[in-house]
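Worksheet: the structure to be examined is printed underneath.
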Amino acid sequence: MPELPEVETTRRGIEPWLVGHRIEQVIVRDRRLRWPVPRALPARLRGSTVKAVGRRAKYLLIATDTGTAILHLGMSGSLRVMDATVPPLAHDHVDIVLDSGRCLRFNDPRRFGCLLFTTGDPLRHRLLADLAVEPLSQEFDSDALWRHARGRRTSIKAFIMDSRSVVGVGNIYASEALFRAGIRPGLAAGKVSRERMAILVMRIREVLTEAIGVGGTTLRDYVDPSGMPGYFRQKLFVYDRAGQPCRKCRTTIRQYVQAQRSTYWCPHCQR
DNA sequence: ATGGGCACCTGGCTGC
DNA sequence: TGCAGCCAGGTGCCCA
């Protein structure tokens, strides 16, 4: 579920509870995530102190003095900080118990998430090494993105969701950014002009920043580490609004499946 | 090289 | 009420 704004909201929510704290123990109730939680992970983390909580794309990086835990929320994952004595519920797969008596609890019904550990530079881990630029960084440059799109026949929507173009743009915010940029989602990436690509880059930045500002989007089950939903849903122009009137021009919002994902758009506002 | 499709998994909702 | 069918915030990998 979570896209970049939800992951960043999660990062900000857990950071103050983790940094500077010692990990007392790690309880793995179910190792069967997208990749099995390494058997050695609890022992590797036990006794270490959390130095920082970072993020690269949608991966959370919990850096400790013995190595870094790499955590992805997949489609349905969420992290909560709570008293370690609170009884676990279904799908509470992992607890990272801190010296404060609290724990970081990883819940993931669909188990598409992962929890891995590396002693090396996490940015060189095979899952992270080939990722494109962060959308909220200076390096996210529209001319570079435009050049990268030369000759590409894939749709602009699939293109901006491809982590080799830019990271962090998932199904909700891809539709929303394209609406704001006035670009039809099915347009070939290679057909987007330099000028329109510059607008698109601005809109991607804008929509992600606004979403982070209100704690992300909750459609079904996403909650932040304190259990609160995100409020960006009220700001969505097209996502999950098929059949409803466009909030700008009242034209009926359309939905179709593109590369196995639902795409929402306004045929009047987007060309 | 690029694009497209599949797989992984559970739960919630819809419609018969 | 029951149940089959469909859908879901991701992404690595395989195939043509």
Side-chain angles (χ1 to χ4, degrees), chain A residues 1-11 29-37 55-60 70-79 89-93 106-116 125-132 135 148-178 185-191 204 207-208 210-212 214-224 229-236 238-243 255-264:
Chain A
M1 122 221 25
E3 300 188 33
L4 188 145
E6 294 75 38
V7 177
E8 178 61 21
T9 298
T10 297
R11 190 198 69 74
R29 299 187 190 84
D30 193 341
R31 319 174 48 229
R32 300 172 303 157
L33 299 183
R34 178 161 195 190
W35 294 285
V37 177
R55 178 186 58 74
R56 175 75 174 101
K58 297 171 192 165
Y59 292 93
L60 286 167
I70 299 174
L71 191 154
H72 197 292
L73 298 173
M75 287 278 267
S76 58
S78 59
L79 289 171
L89 301 174
H91 314 299
D92 280 340
H93 304 312
F106 185 12
N107 180 286
D108 185 7
R110 293 175 74 180
R111 290 190 272 116
F112 288 175
C114 68
L115 175 59
L116 302 170
H125 189 276
R126 65 173 192 81
L127 293 176
L128 309 193
D130 296 324
L131 295 173
H148 188 231
R150 292 310 79 210
R152 296 291 301 276
R153 301 160 80 149
T154 193
S155 69
I156 185 64
K157 178 174 181 254
F159 180 75
I160 60 173
M161 288 180 70
D162 185 338
S163 63
R164 290 162 302 184
S165 305
V166 57
V167 301
V169 181
N171 207 34
I172 297 178
Y173 301 110
S175 281
E176 293 298 310
L178 287 166
L187 185 63
K191 291 272 178 72
I204 290 172
V207 73
L208 295 177
E210 286 180 22
I212 291 170
V214 295
T217 302
T218 297
L219 292 174
R220 280 161 270 280
D221 45 13
Y222 170 75
V223 287
D224 78 6
Y231 296 103
F232 196 71
R233 183 169 200 178
Q234 297 152 244
K235 309 268 181 117
L236 298 176
V238 289
Y239 189 87
D240 209 24
R241 297 197 64 245
Q255 180 249 330
Y256 69 109
V257 175
Q258 191 182 20
Q260 293 92 238
R261 310 301 298 275
S262 275
T263 293
Y264 301 85

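Proteins get letters first, then strands, A, B, ... in listed order; numbering begins at 1 in each.
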Contact class for [X] vs. all strands (heavy atom < 4.0 Å): base, sugar-phosphate, or nothing?
X	answer
Arg220(A)	base
Tyr239(A)	sugar-phosphate
Arg233(A)	nothing

Donor-acceptor pair under 3.5 Å, Arg153(A) side chain vs dT2(B) base | no

- request: Return yes if the base of dC9(B) and the side-chain atoms of Arg110(A) contain a donor-acceptor N/O pair under 3.5 Å, otherwise no.
  value: yes

With respect to the phosphate group of [N], does any side-chain polar atom (N or O) of [X] fall under 4.0 Å of OP1 or OP2?
X	N	answer
His91(A)	dC9(B)	no
Arg261(A)	dG10(C)	yes
Tyr59(A)	dG12(C)	yes
Ser262(A)	dA8(C)	yes
Arg164(A)	dA1(B)	no
Arg152(A)	dG3(B)	yes

Would you say that more than 12 heavy atoms from the other residues, nucleotides or ligands in this model lie under 6.0 Å from the CZ of Arg150(A), or not? yes

For this session: Answer yes or no: are there more than 12 heavy-atom neighbours, outside Arg153(A) itself, under 6.0 Å from its atom CZ?
Result: no

Interatomic distance where [atom1] belongs to [X] and [atom2] belongs to [N] [whole Å]:
X	N	atom1	atom2	answer
Lys157(A)	dT11(C)	NZ	C1'	14 Å
Arg34(A)	dC13(C)	CZ	P	7 Å
Leu219(A)	dC13(B)	CG	C1'	14 Å
Gln260(A)	dG4(B)	CD	P	9 Å
Asp92(A)	dT10(B)	CG	P	15 Å
Leu73(A)	dG10(C)	CG	P	11 Å
Asp162(A)	dG12(C)	CG	C1'	12 Å
Leu131(A)	dG12(C)	CG	P	7 Å

Quick one: does [X]'s side chain have a donor or acceptor within less than 3.5 Å of a partner on [Y]'s backbone?
X	Y	value
Asn171(A)	Ser262(A)	yes
Glu176(A)	Val238(A)	yes
Glu6(A)	Thr217(A)	yes
Arg233(A)	Leu219(A)	yes

Could you measure between the two P atoms, the one in dC6(B) and the one in dC6(C), and give it in whole Å? 14 Å

Using the P atom as the point on both nucleotides, what is the distance between dT11(C) and dA1(B), in whole Å?
24 Å

Result for 5'-nearest mapping on DNA chain C, choosing between Leu127(A) and Asn171(A), is Asn171(A)

Intra- and inter-strand pairing of DNA chain B, written as dot-bracket with Watson-Crick and G-U pairs under 3.5 Å and | for the latter, reads .|||||||.|||||||

Regarding the side chain of Arg126(A), the nearest nucleotide among dC6(B), dC8(B), dC13(C) is dC13(C)

Ranking dG12(C), dC9(B), dG3(B) by distance to the side chain of Phe112(A), first place goes to dC9(B)

Review point. Does the side chain to side chain contact (heavy atoms under 4.5 Å, CB included) test come out yes or no for Leu73(A) and Phe106(A), once each step is laid out?
Key: CA-CA 9 Å; Leu73(A) 298 173; Phe106(A) 185 12; 3.9 Å; yes

Value for NZ (Lys157(A)) from CG (Leu178(A)), rounded to nearest 0.5 Å, stands at 8.5 Å

- Once the angle between the rings of His72(A) and Tyr59(A) is folded into 0 to 90°, is it parallel (under 30°), tilted (30 to 60°) or perpendicular (over 60°)? perpendicular

